[in-house]
Protein chains: 2
Amino acid sequence: MGRKRTKSGKIRLAEVAELAGVSPITASRFFRNPEALSVAKRTRVESAARELGYVPNLAARALASQRTEVIGVLIPSLTNNVFSDVLRGIYDASEGSRYSIQLSNTRYSILQEEKLLRLFLAQKPAGLIVTGIDQTTESRTMLEAADCPIMQIMEIGPNPIDMMIGFSHYDAARAAIAHLFDQGHRRIGFVGARMDPRVQRRLDGYGAAMKEAGLHDQRLIVTTATPTSVTLGGALFADLLAREPDIDAVFCANDDLALGVLFECRRRDIAVPDQIAIVGFNDLEFMASAVPTLTSVRTNRYEMGSTAAAMLIEAIEGKRPEQPVLDLGFTVIERQSSQTQRQAASPRSPEWAPAVQNDSVTNDP
Amino acid sequence: MGRKRTKSGKIRLAEVAELAGVSPITASRFFRNPEALSVAKRTRVESAARELGYVPNLAARALASQRTEVIGVLIPSLTNNVFSDVLRGIYDASEGSRYSIQLSNTRYSILQEEKLLRLFLAQKPAGLIVTGIDQTTESRTMLEAADCPIMQIMEIGPNPIDMMIGFSHYDAARAAIAHLFDQGHRRIGFVGARMDPRVQRRLDGYGAAMKEAGLHDQRLIVTTATPTSVTLGGALFADLLAREPDIDAVFCANDDLALGVLFECRRRDIAVPDQIAIVGFNDLEFMASAVPTLTSVRTNRYEMGSTAAAMLIEAIEGKRPEQPVLDLGFTVIERQSSQTQRQAASPRSPEWAPAVQNDSVTNDP
DNA sequence: AGGAACGTTGACAGCGCTACCAGCAACGAC
DNA sequence: GTCGTTGCTGGTAGCGCTGTCAACGTTCCT
């Protein structure tokens, strides 16, 4: 009958092995651990595989080996720019590795996260990336019991489940407020939307800084559970102004809100930064380009994603990092929107020039 | 010895079947086609599965059935807002279905796309979503030979591989230019970046409209292969102005560029729309919020993703749509940035108000 | 020279599920 | 009463790959 062919006409490992003149198991090893083969067989299998155009059947491999080569990723939003940068890092780092990414959207719900976690874990992923440190206790239990490496990203905190990579949103917010204090601002408002745990911690950092300076005032804080948007930034700022017309600065929980505030200032002919300073968070690309250029807290999102995926893959392959918690820090990028008159008088870049960024107040741990 | 347990301690279908007092194959059917079972057995299997907390092993299922429940998605960019909206639609529509999404990033390279396609096809996906209509001939051959439904998204054109959903970028650009003509503009510049095929077709639409009006001038067109950004919008606009100071409008290939142009106008004290009108493309959220509010061409991105996934799943399950090509149309959203003095004199929304959108020039096929 | 140690290879036996087809009961048509 | 026909159920036989462990040849040491 000659050599058997798989029903679908696809090449199997057995065919490769036959052509190479080795046993199937040896051919199998070639794909998983080539170093274990003698050079002679290695080249024979390699050329046989190439000649036949062999592609391994992942389902069969997963079934036989009792594990998959899938990294599960749980993020709260698919559309938030912040997460797309992180995601790009994750995908870039996973490319070229044998692992593929399985992505799911928790929509900022830890209950949804728990549900998805259960789904993921049931398929024995090779590793898992989850967002933040605020899982349900049930989720935490499952993650701790999981027999694969776990990476928590976006922020750092106590009691990592396994590995953790991010930065302190609390400290970042404090640094932003410190910068505003430096520039002489005192009545600093806070504008926040969505209020997920990380935004909440930024608010906490803001609150702590204000309290220490004896400047805290609950009425300076405007937040909403509504998803963030530029338009919302303008609306929240309008609320803030209506309540507290004497504010001299606004710290926005993210850059979209900051842009909305800027537009609202423009609508009302409020001079930025002379009448009101604006500071955003994340340092999205447009911040450097706005008029005036907008101060923001830069976070290393792409690096966070790529490092997380790279570390996770290392851990999957047995090389656990000596430092399981990595603080990627942040940088307050000071731009025109928060610089006082005196400093703006000798601008580092002329007003009309394509916005140039000047880094400062770095926190690189 | 009692009942056998899987090595990992997980519940297998056989255990469920045993508890339910049916054969494994009957239990299997319960999960794939419950209607085929008698009501009695159906409930027995269901409660047995629940009691044991059974979760099917997808790898075994894929191996035995020779097909996966994976939908492959190939998009050019993970960070472009346009695609994140589409993706969200795809993920939302796939949720609740049995299918999972396998995402890959082609980085705007059709060679990379071909490579990824080969990878995907080798794993026999249940269906495939690819971006655009400009595949390599090799890719096209593979897709046509694939034994799963294929969905092309983002635009429509002749010769669909299988199914197609999108809109005409050419027509959308023409509609935008027609609107500018309506408003009395004649020297209309084009600013484009990245220049992927869809941006190219917008440029073609612009060119055709200008030619027909006898206003075409190659010097009005500024493009670059560089990835798009707000900052780049400002820079390209600066180039355009340097070359053609007498332009009275700019059509931007996307909204980020438009925002950059707006900021650059502000930097140079150019009045918008009085001196120069601005029209963007995609109608991202911030366009309605800018000062002045920015005219744009709205596209139905989320709907595109969700409909594509829903139609694909239907097709996978044998219910092919009677109409395999779906035109989702577009809408020119006219805002302050392109409305002439006369009309602005009686604004539909006061200048200072939170931006309100007024839809018009709809193309809903 | 004998044996241990190492590097390399192969046989066997599944992994958990489903395709295929056969079997059986219940029912209606002729 | 016999013969389909339909609806449901089960047995058999893998899907393509890898874990385990034994066996082989070679080298190096004593």
Side-chain angles (χ1 to χ4, degrees), chain A residues 1 3-45 48-49 52-69 98 122-124 126 147, chain B residues 1 3-45 48-49 52-69 98 122-124 126 147:
Chain A
M1 286 296 183
R3 81 177 54 158
K4 287 184 298 185
R5 265 288 161 76
T6 175
K7 211 179 294 177
S8 56
K10 289 205 71 67
I11 307 298
R12 284 173 310 172
L13 190 56
E15 271 97 301
V16 176
E18 189 179 335
L19 180 61
V22 300
S23 72
I25 189 63
T26 300
S28 167
R29 262 191 283 264
F30 168 76
F31 292 100
R32 290 173 295 144
N33 185 18
E35 286 75 35
L37 298 201
S38 63
V39 180
K41 305 229 165 177
R42 201 184 307 174
T43 50
R44 292 238 300 282
V45 175
L52 296 172
Y54 171 71
V55 180
N57 179 322
L58 264 34
R61 180 179 285 179
L63 181 59
S65 67
Q66 295 283 59
R67 57 199 159 72
T68 62
E69 286 167 350
R98 62 201 304 161
Q123 298 309 323
K124 305 194 200 199
D147 64 345
Chain B
M1 289 297 184
R3 80 177 54 160
K4 286 183 298 183
R5 264 288 162 77
T6 174
K7 210 180 295 178
S8 57
K10 288 204 71 70
I11 307 297
R12 284 173 309 174
L13 190 55
E15 270 99 300
V16 177
E18 189 179 335
L19 180 62
V22 301
S23 71
I25 189 64
T26 300
S28 167
R29 261 190 284 263
F30 168 76
F31 293 100
R32 290 173 296 143
N33 185 17
E35 287 75 34
L37 297 202
S38 63
V39 180
K41 305 228 165 180
R42 201 185 307 173
T43 51
R44 291 238 301 280
V45 176
L52 296 172
Y54 171 71
V55 181
N57 180 321
L58 263 36
R61 180 179 285 179
L63 180 60
S65 68
Q66 297 281 58
R67 57 199 158 72
T68 62
E69 286 167 350
R98 62 199 304 161
Q123 299 307 326
K124 306 193 197 198
D147 64 345

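Quick note on labels: first sequence line is chain A, next is B, and so on, each numbered from 1.
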request  = With sequence neighbours left out, write down each residue that passes side chain to side chain contact (heavy atoms under 4.5 Å, CB included) with A126(A), or none if nothing qualifies.
outcome  = Y99(A), I316(A)

query = Closer than 4.0 Å, any side-chain N/O of R32(A) to the OP1 or OP2 of dT18(D)?
reply = yes

ask   = So what does Y54(B) hit on the nucleic acid, given a heavy-atom distance under 4.0 Å: a base, only sugar-phosphate, or nothing?
value = sugar-phosphate

task = Measure the distance from CG on L63(B) to C1' on dA13(D) and round it to the nearest whole Å.
result = 13 Å

ask   = NA contact type, F31(B), heavy-atom cut-off 4.0 Å: base, sugar-phosphate, or nothing?
value = nothing

inquiry  = Given dC17(C), dC17(D), dC15(D), identify the nucleotide with an atom nearest to the side chain of A60(B).
reply    = dC17(C)

Measure all distances between protein nitrogen or oxygen atoms and nitrogen or oxygen atoms of nucleotides 5-9 of chain D, and list the pairs falling under 3.5 Å.
{"unit_1": "dT9(D)", "atom_1": "OP1", "unit_2": "S38(B)", "atom_2": "OG", "d": "2.8"}
{"unit_1": "dT9(D)", "atom_1": "OP2", "unit_2": "S38(B)", "atom_2": "N", "d": "3.2"}

inquiry  = What is the separation between atom CG on L58(B) and atom P on dC15(C), rounded to the nearest whole Å?
reply    = 18 Å

inquiry  = Can you list everything that forms a side chain to side chain contact (heavy atoms under 4.5 Å, CB included) with A49(B)? Sequence neighbours excluded, please.
reply    = V16(B), F31(B), Y54(B)

key: Integer-rounded Å distance: dT18(D) P and N33(A) CG   = 12 Å

inquiry  = If the condition is side chain to side chain contact (heavy atoms under 4.5 Å, CB included), which residues does D147(B) pass it with, not counting sequence neighbours?
reply    = none

key: Contact under 4.0 Å: S28(B) side-chain N or O vs dT18(C) OP1/OP2   = yes

request  = Begin with the C-alpha distance, continue with both residues' side-chain angles, and end with the deciding distance and a verdict on side-chain contact (heavy atoms from CB on, under 4.5 Å) for I25(A) and R29(A).
outcome  = CA-CA 6 Å; I25(A) 189 63; R29(A) 262 191 283 264; 3.9 Å; yes

task = Please state how far atom CZ in R61(A) lies from atom C1' in dC17(D), giving the value in whole angstrom units.
result = 8 Å

note = Among the nucleotides dT18(C), dA19(C), dC17(D), whichever has the atom closest to the side chain of R67(B) is dA19(C)

message = Expressed as a whole number of angstroms, how long is the span from R42(A):CZ to dT9(C):P?
response = 10 Å

message = Just to verify, what does T68(B) make a side-chain hydrogen bond (donor to acceptor under 3.5 Å, both in side chains) with, not counting sequence neighbours?
response = none

note = R98(A) meets the salt bridge (Lys or Arg N to Asp or Glu O under 4.0 Å) criterion, sequence neighbours left out, with E69(A)

query = Q66(B) has an atom CD; how far is it from atom C1' of dC17(C), in whole Å?
reply = 12 Å

ask   = Would a distance-only check, ignoring hydrogens and angles, find a side-chain to backbone donor-acceptor pair under 3.5 Å from Q123(A) to P56(B)?
value = yes

request  = Rounded to the nearest angstrom, tell me the gap between atom CZ in F30(A) and atom C1' in dG10(C).
outcome  = 18 Å

inquiry  = Please report the distance, rounded to the nearest Å, between CG in N57(A) and P in dG14(D).
reply    = 18 Å

